[in-house]
Structures are given as C-alpha cells and as structure tokens.
Visitor: 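Below is one structure. I have some questions about it.
Whatever order the structure lists ligands and atoms in, that order sets their numbers, starting from 1. The first residue in the sequence is number 1, and the count goes up from there.
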Amino acid sequence: MADSWEVLKQECMQCRGCGLAATRTNLVFGDGAQNAEILLIGEGPGQREDEQGIPFVGPAGQLLDDMLEIIGLDRTKVYIANVVKCRPPQNRDPLNVEQDACIGWLRRQTALLRPKIIVCLGRIAAKAIIKEDFKITSEHGQWFTRGGVQMTAIYHPAALLRDAGKRPEAFVDLKSIQAKVREVCTRTGI
Ligand code: URA
C-alpha cells in the first residue's frame, strides 16, 4: 500500500526502535508544510522540543525562525524534521545506533515530501544525509546533488548561539539558499 503522512505519523509515534524511546516525553515527528519544496533537517530534539513535541521551538528554534525570515521563508513554506525523533539525554549527540534505528522515518518523510532542496542544520545531519565524512567548517554552504535533490548544510543555529563569530558565514549561506530556492522551486515564491 502507498505510504501516507497519516500512516507514517501513526507508526512513528509508537516507535520503540532504540533506547531513546524510554526517556522521551514526546516524540518529535516534524513540523511545517507537507507539500513544501524545502526540507530542513536538524539533529534531534532538545528539552523544549521534547516537552512540546515540535521541532526547533527552544532558543535555537527562535534563531532558526529569524534565519528563515531573513530569506523570506517561514514554517508554512518549509518542512522541518530531525535525524532522530526522540531527545538524547542531556542533549548529547545521537549515537550511530540511534540514528540507524531512526533514519527510516526521515527517509519516508522525504519520499512523501519529494523536496527540491534539503538544508542540513549542522554536522550531525550533514554526515547522516550528505556524506559520512562531511566537514561542517570547510564544507558548509557548498551544494551537492543526490538523486536530483539539491543539498547543502549550514551551521546549526545552536552553534551560532554559542559562537556569534560564525554568523557572517551563515548569512552568506542563507543568501545562497535563497538564490537556490529562486532557481529551482516553483511554488515557494520568495
Ligand atoms: N536542535 C535540533 O537539532 N533539532 C531540534 O528540533 C531542536 C534543536
């Protein structure tokens, strides 16, 4: 049977595929438009996201919303998901075994969405989605093509909160994303 957002979400919400299920308050499935041309991928929920069940609602999420606004985007024009759907304790990096257990959900979300552009937020997502040896400091803002989808990675908003010195580079990357959206997206209108 063909996959659907309803079936996928229902199955995902019951997932106990790794140890993170035991400590979650809420599973964080995703947010945004299910017909968006742009998919943003973070690493995993933090405390606020775990509490609310919505991705990027804490401090990093507020910065992400501001970053999107700079280039004329908002949550009605993108879809936001994470590599892992449940919060790693103390916000540690998700383990490979946790990412491997969870990545199938993101693949199904991506197959349903069929985005034109994927933006990885930070190193963990870039390694999981673009290439295993991705180097965020030297390769952020570069474009890669995988199966006809344009992909890039930018610094994670949490990294930009910790180190404001990275913000000028992030601004350049955002402008590059804006140009790419204008080039390849037909319905996003920015
Ligand atoms: N950081 C992430 O990578 N994802 C979220 O949903 C929130 C913070």
Side-chain angles (χ1 to χ4, degrees), residues 5 8-9 12-13 15 17-21 23-34 36 38-70 73-110 113 115 117-130 132 134-137 139-141 151-164 166-167 169-170 173-174 177:
W5 283 103
L8 177 58
K9 185 165 185 186
C12 183
M13 296 303 281
C15 181
C18 79
L20 297 180
T23 51
R24 72 178 175 227
T25 310
N26 287 293
L27 185 146
V28 179
F29 179 74
D31 187 33
Q34 292 177 347
I38 305 153
L39 172 60
L40 307 181
I41 303 177
E43 74 181 61
Q47 183 186 345
R48 301 283 176 76
E49 292 78 19
D50 176 67
E51 286 165 5
Q52 297 184 40
I54 304 168
F56 285 99
V57 288
Q62 272 162 31
L63 180 57
L64 178 62
D65 287 341
D66 292 345
M67 290 162 69
L68 292 176
E69 197 182 330
I70 287 171
L73 293 174
D74 59 39
R75 287 175 190 236
T76 68
K77 295 190 170 117
V78 302
Y79 192 83
I80 306 176
N82 281 306
V83 173
V84 298
K85 307 291 191 232
C86 300
R87 183 191 182 200
Q90 279 81 49
N91 298 344
R92 63 157 169 74
D93 289 351
L95 305 175
N96 284 338
V97 65
E98 293 159 351
Q99 294 186 42
D100 291 348
C102 207
I103 198 79
W105 302 119
L106 181 62
R107 292 205 193 293
R108 284 171 64 184
Q109 289 175 305
T110 308
L113 195 66
I117 293 176
I118 293 178
V119 178
C120 296
L121 302 170
R123 171 182 63 89
I124 299 279
K127 282 176 172 286
I129 305 302
I130 300 177
E132 165 50 36
F134 195 93
K135 297 276 179 294
I136 193 75
T137 45
E139 294 182 294
H140 68 86
M151 302 187 181
T152 192
I154 63 176
Y155 283 121
H156 194 289
L160 299 174
L161 287 175
R162 283 193 301 270
D163 179 3
K166 290 191 167 82
R167 289 191 186 200
E169 290 170 85
D173 295 347
L174 285 171
I177 291 166

Visitor: Indicate yes or no: at least one non-hydrogen side-chain atom of Cys120 is less than 4.5 angstrom from one of Ile130.
Guide: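 Yes, side chains in contact.
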Visitor: Any idea which part of Glu49 is under 4.0 Å from ligand 1, heavy-atom wise: side chain, backbone, both or neither?
Guide: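 The answer is the side chain of Glu49.
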Visitor: Centroid separation under 6.0 Å, is that true for the rings of Phe56 and His156?
Guide: yes
Visitor: May I ask you to list the atoms of ligand 1 that are less than 4.0 angstrom from any heavy atom of Gly42?
Guide: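 The atoms of ligand 1 under 4.0 Å from a heavy atom of Gly42 are 3 (O).
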Visitor: For the backbone of Ile154 and the side chain of Asp173, can you confirm whether one donor and one acceptor N or O come within less than 3.5 Å of each other?
Guide: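 Absent.
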Visitor: Output yes when Lys85 and Glu49 qualify as a salt bridge under the 4.0 Å nitrogen-oxygen rule, no when they do not.
Guide: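 No salt bridge links Lys85 with Glu49.
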Visitor: Atom 8 (C) of ligand 1: which protein heavy atom is closest, and how many Å away?
Guide: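 Heavy-atom neighbour on the protein nearest atom 8 (C) of ligand 1: Phe56 CE2, 3.7 Å.
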Visitor: Applying a strict 4.0 Å limit to heavy atoms, is Arg48 in contact with ligand 1?
Guide: no
Visitor: Below 4.0 Å from ligand 1: does a non-hydrogen atom of Val28 turn up there or not?
Guide: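 Val28 does not count as a contact of ligand 1 under the 4.0 Å cut-off.
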Visitor: With a 4.5 Å cut-off on side-chain heavy atoms, are Cys18 and Val97 touching?
Guide: no
Visitor: Can you tell me if Gly44 has a non-hydrogen atom under 4.0 Å from ligand 1?
Guide: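 For ligand 1, residue contact (heavy atoms, under 4.0 Å) with Gly44 is present.
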Visitor: Taking C-beta and beyond as the side chain, do Leu68 and Asp74 meet within less than 4.5 Å on heavy atoms?
Guide: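 A side-chain contact under 4.5 Å is absent here.
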Visitor: With a 4.0 Å cut-off, would you call Arg75 and Asp31 a salt bridge?
Guide: yes
Visitor: Could you tell me the residue and atom name of the protein heavy atom closest to atom 1 (N) of ligand 1, and the distance to it rounded to 0.1 Å?
Guide: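 Nearest neighbour among protein heavy atoms for atom 1 (N) of ligand 1, to 0.1 Å: His156 NE2, 3.3 Å.
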Visitor: How close does the nearest protein non-hydrogen atom get to atom 4 (N) of ligand 1, and which residue and atom is it?
Guide: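 Heavy-atom neighbour on the protein nearest atom 4 (N) of ligand 1: Asn82 OD1, 2.8 Å.
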Visitor: For ligand 1, which is the ligand I care about here, please tell me if Pro55 has any N or O atom under 3.5 Å from one of the ligand's N or O atoms.
Guide: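 So ligand 1 has no N or O lying under 3.5 Å from an N or O of Pro55.
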Visitor: Using a 4.0 Å heavy-atom cut-off, say whether Ala60 meets ligand 1 through its side chain, its backbone, both or neither.
Guide: neither
